[in-house]
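Everything below concerns the one structure shown next.
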Amino acid sequence: MILKIKNIISQIHAVFVDNNNAKTIDAVSIDSRSLQNSSQTLFFALIGSNNDAHLYIKNLIEKGVQNFVVTHIPDDSAGKANFLVVENTLVALQLFAGYYRSLFDFPVIGLTGSNGKTIVKEWLNFLLSPDYNAIRSPKSYNSQVGVPLSVVAINEQHNLGIFEAGISTFSEMEKLEKIIKPTIGILTSIGSAHDEGFGNLEEKIREKLLLFKHSKVVIYQKNEIVDANLFSFKSGNQIAFSWSFKDATADVFVTKRPVSDKTFLHIRQAKENFEIEISFQDAASVENAISCLMVLLYFKYDVTIIQNRMKLLYPVEMRLKVKNGINNCSIIDDSYSSDFQSLKIALDFLESQTRAQQANIRNKQDQKKTVILSDIFQSGLPNAELYSKVAALIISNKISRVIGIGETISAFKEMFTNCITYKNTAEFIADFDVLIFSNETILIKGARTFQFEEIVSLLEEKTHETVLEINLNAISHNLNFFKSKLKPATKMMVMVKAFGYGNGGFEIAKLLEHHKVDYLGVAFADEGISLKNLGIHLPIMVMNPENTSFSAIIQHQLEPEIYSLKGLRAFIKIAEQKKLKHFPIHIKLDTGMHRLGFEANTIDDLIIALKGNQTIQIKSILSHMATSDDLKQKDFAHSQIDLFEKLSSKLMTELQIKPIRHILNTSGISNYPESQFDMVRLGIGLYGVSNDDEEQKYLENVGTLKSIISQIRTIPAGESVGYGRRFMAEKSTKIATIPIGYADGISRGWGNGVGFVTIKNEKATIVGSICMDMLMVDVSGIDCKEGDAVVIFGKSPTVNYIAQKLSTIPYEILTSISQRVKRVFYRE
Ligand SMILES: *Cc1c(COP(=O)(O)O)cnc(C)c1O
């Protein structure tokens with residue numbers, strides 16, 4: 001929809017600074033990297049805790065953007081574009097979205113609750129798609145920023161909206177209500193997620209119900225708290241539409257009957273009775289399915305249509321998953337949805353995965369990017385316009401080849417470059433052998449009806465069973481958690497040494513670059529070189545530079561930590577030969593760790609060596625604490641901090657320099673917040689591990705080491721398991737073999753009854769000795785079969801728990817996981 005700037009000004013309470021340029025817009029953006037059409041875009045310059053989009057305005061003007069919402073006009077951009085100046089750009093975005101929403105008048109379903117929002121949203125979309133052209137929020141875009149962005153994607157062709165709203169504390173829901181303005185409200189399951197922000201369950205429910213302030217109907221599972229609070233804000237002819245398994249006074253009474261792997265639901269509404277079938281048994285899926293059913297009932301669908309469609313509900317894959325493919329390919333499996341919004345997100349993910357794969361390939365071949373895409377539904381746009389947008393997006397993402405599957409995309413084949421098309425999935429499969437996939441990262445994205453899971457299974461490599469899954473969202477969460485402990489001016493270096501503490505170097509560095517941390521730290525030059533070669537631009541400090549690596553350090557623009565006079569002289573000599581000026585180095589002081597660094601009695605010599613030197617520049621001065629995690633040794637910690645203050649001040653005065661000073665690692669950030677100096681060095685905390693039990697509760701688990709069951713057998717009493725017969729069965733015992741062993745980094749000490757793995761949410765004790773490539777567990781009493789997933793560590797057991805049992809530290813557990821275990825990254 002084309003909007004006039006002049007109508008927007010008052011809606012967002014802006015002061016307009018006019019440059020006589022284009023005065024209409026038809027798109028909104030907050031992300032400087034993924035702009036589509038420039039001149040008609042209204043760019044909101046959001047300010048985050050670690051990012052200020054005002055910095056990109058100059059660049060965006062060069063790209064043709066003409067209209068900006070800002071808090072201030074950057075000096076270098078005045079007079080070059082139109083500016084709408086507001087107090088707070090996020091509030092302005094929310095006001096704008098609310099205004100934009102009010103221009104459309106069709107049913108809008110608003111979903112909130114603690115669990116199930118995204119699934120109910122996806123299912124409703126599926127159930128209603130034969131009759132509606134629905135706009136829905138992509139994946140879980142349910143936050144203060146995500147919701148406005150979802151809403152501004154509405155266009156004239158849509159006739160139904162499905163949006164989810166997630167909140168973590170008070171007053172957030174009122175804002176989201178004004179943006180979504182739902183006419184139909186659904187409260188999904190209320191669990192304990194995000195409880196921290198609320199005093200108790202009732203408060204949480206009351207806050208969530210604010211989403212429905214102006215809804216015509218509210219759908220929920222009957223419950224006293226909701227009943228008591230629902231219409232405290234009643235504003236007219238709202239109705240409650242409740243369901244229950246227990247309370248016969250609910251509008252819809254449901255009885256469930258599980259049969260083999262399905263559930264039959266007997267539905268009683270008023271005088272009517274009927275039965276539906278769904279292909280799930282777990283409680284959460286059944287409740288989510290009933291929420292969807294309630295909407296169909298509210299829309300007064302025919303019972304036979306309801307029965308037919310509910311039967312087809314499918315499991316929703318909630319995240320983009322990367323799988324190992326055949327011939328060195330990686331595949332991103334997004335084979336359940338196909339819409340324009342989620343295509344953008346998936347293409348972003350494809351880009352970062354391709355780079356990560358590049359890092360793993362030994363034979364230096366380029367990793368190509370391939371997209372297998374079905375027809376796209378429900379865009380609301382005419383097909384010609386839709387596919388030209390899709391083609392533009394694909395071309396701007398530099399995709400090497402596109403395989404289109406479906407009648408419609410085939411008709412628009414000419415818009416793409418390097419595109420082949422098939423009328424349907426069967427035709428593609430018939431051609432599979434001649435297509436040849438190798439060294440590619442392949443995004444497989446298709447609407448449900450195309451059954452792209454068949455393509456996924458053709459391309460998937462079936463041998464690797466053990467993977468370390470890395471949750472990138474959890475890393476972002478943990479980073480922000482520690483950021484929130486810093487003073488606004490404190491910079492952050494993140495340690496990605498030892499392959500990101502075993503979690504994967506490049507992928508994590510890339511994410512940290514996205515989050516705009518200030519520095520990365522590695523142990524050795526080769527780690528830094530590999531990051532630079534893969535395109536990481538952040539400055540990287542090398543903590544342990546050997547003299548032989550100085551040349552390479554300079555060549556790759558890495559920054560050495562210098563800890564001795566000998567090292568300093570050697571580095572200066574090489575730097576002089578290369579005729580460098582002001583090359584950044586970092587000075588390490590030994591304040592008590594006694595590992596590396598200049599001691600107090602060498603400072604005078606250091607000053608003499610540095611005075612007047614123009615070849616190098618002291619970028620920072622640092623030291624490292626020996627006891628930051630041990631509150632019993634606070635005195636020693638303070639003595640280190642005091643000595644650091646004293647020695648670094650001396651260097652600064654004598655040399656007349658103002659470098660960045662830093663001494664705190666993760667537990668230092670938590671225990672000595674007053675000593676942040678100018679920067680901190682975050683390590684283990686980023687990876688979700690804390691030395692402090694209380695703090696641990698706030699961190700999210702990052703790595704999950706997973707495998708599968710290779711074989712199951714039952715042995716009678718008296719039989720043994722494994723080498724040395726160290727396990728003897730006292731009774732008939734069911735044994736499962738898991739293909740992971742000490743060569744993968746699982747300590748032998750974890751075997752013989754000490755450790756356990758988790759299968760189907762139950763503990764299975766490791767029996768007998770751990771072998772090189774395998775281990776055996778006792779699964780008596782666990783309902784499991786060959787091929788089932790096994791968690792070695794993650795949420796349970798945690799890395800911390802294993803470390804305690806093995807009398808070591810979590811650092812060792814994480815960094816021991818062998819490089820032969822494939823790392824797989826995902827976002828929620
Ligand atoms: C590893 C390391 C860190 C990070 O320590 P964590 O305890 O993992 O936060 C900080 N500084 C130096 C010098 C290090 O070697």
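For ligands, and for the atoms within them, numbers begin at 1 and follow the listed sequence. It should be emphasised that the depicted structure is a prediction, and the values quoted were computed from it without experimental measurement.
Contact atoms of ligand 1 toward N665: 4 (C), 5 (O), 6 (P), 7 (O), 9 (O), 10 (C) (distance under 4.0 Å to a heavy atom of the residue). Close contacts between ligand 1 and Y501 involve ligand atoms 1 (C), 4 (C), 5 (O), 6 (P), 8 (O) [criterion: under 4.0 Å to a heavy atom]. Of all atoms in ligand 1, numbered sequentially from 1 with element shown, those under 4.0 Å from a heavy atom of G683 are 4 (C), 6 (P), 8 (O), 9 (O).
In terms of polar-atom proximity, T666 is counted as a contact of ligand 1, with an N or O under 3.5 Å from an N or O of the ligand. Not one N or O of L622 is nearer than 3.5 Å to an N or O of ligand 1, by distance alone. Checked by distance only, ligand 1 and I684 come closer than 3.5 Å through their nitrogen or oxygen atoms.
For atom 11 (N) of ligand 1, the nearest non-hydrogen atom from the set R681, M543, K588, M541 comes from R681.
Ring geometry for F571 versus F550: interplanar angle over 60°, hence perpendicular rather than tilted (30 to 60°). In this pair, F677 and F644 present their aromatic rings perpendicular. The plane angle is above 60°, beyond the 30 to 60° band.
Residue R595 places a heavy atom less than 4.0 Å from ligand 1.
Under the 3.5 Å distance criterion, with hydrogens and angles disregarded, no donor-acceptor pair is assigned to the side chains of Q353 and T441. A side-chain donor-acceptor contact under 3.5 Å links N665 and S628. Between the side chains of E645 and S649, a donor-acceptor pair is found at a separation under 3.5 Å. Inspection of the E700 and N478 side chains reveals no N or O donor paired with an N or O acceptor under 3.5 Å.
In this structure, Y519 has its ring center no closer than 6.0 Å to that of H662.
In terms of protein heavy-atom proximity, atom 1 (C) of ligand 1 is closest to K497 NZ, 1.3 Å. Closest protein heavy atom to atom 7 (O) of ligand 1: Y811 OH, 2.6 Å.
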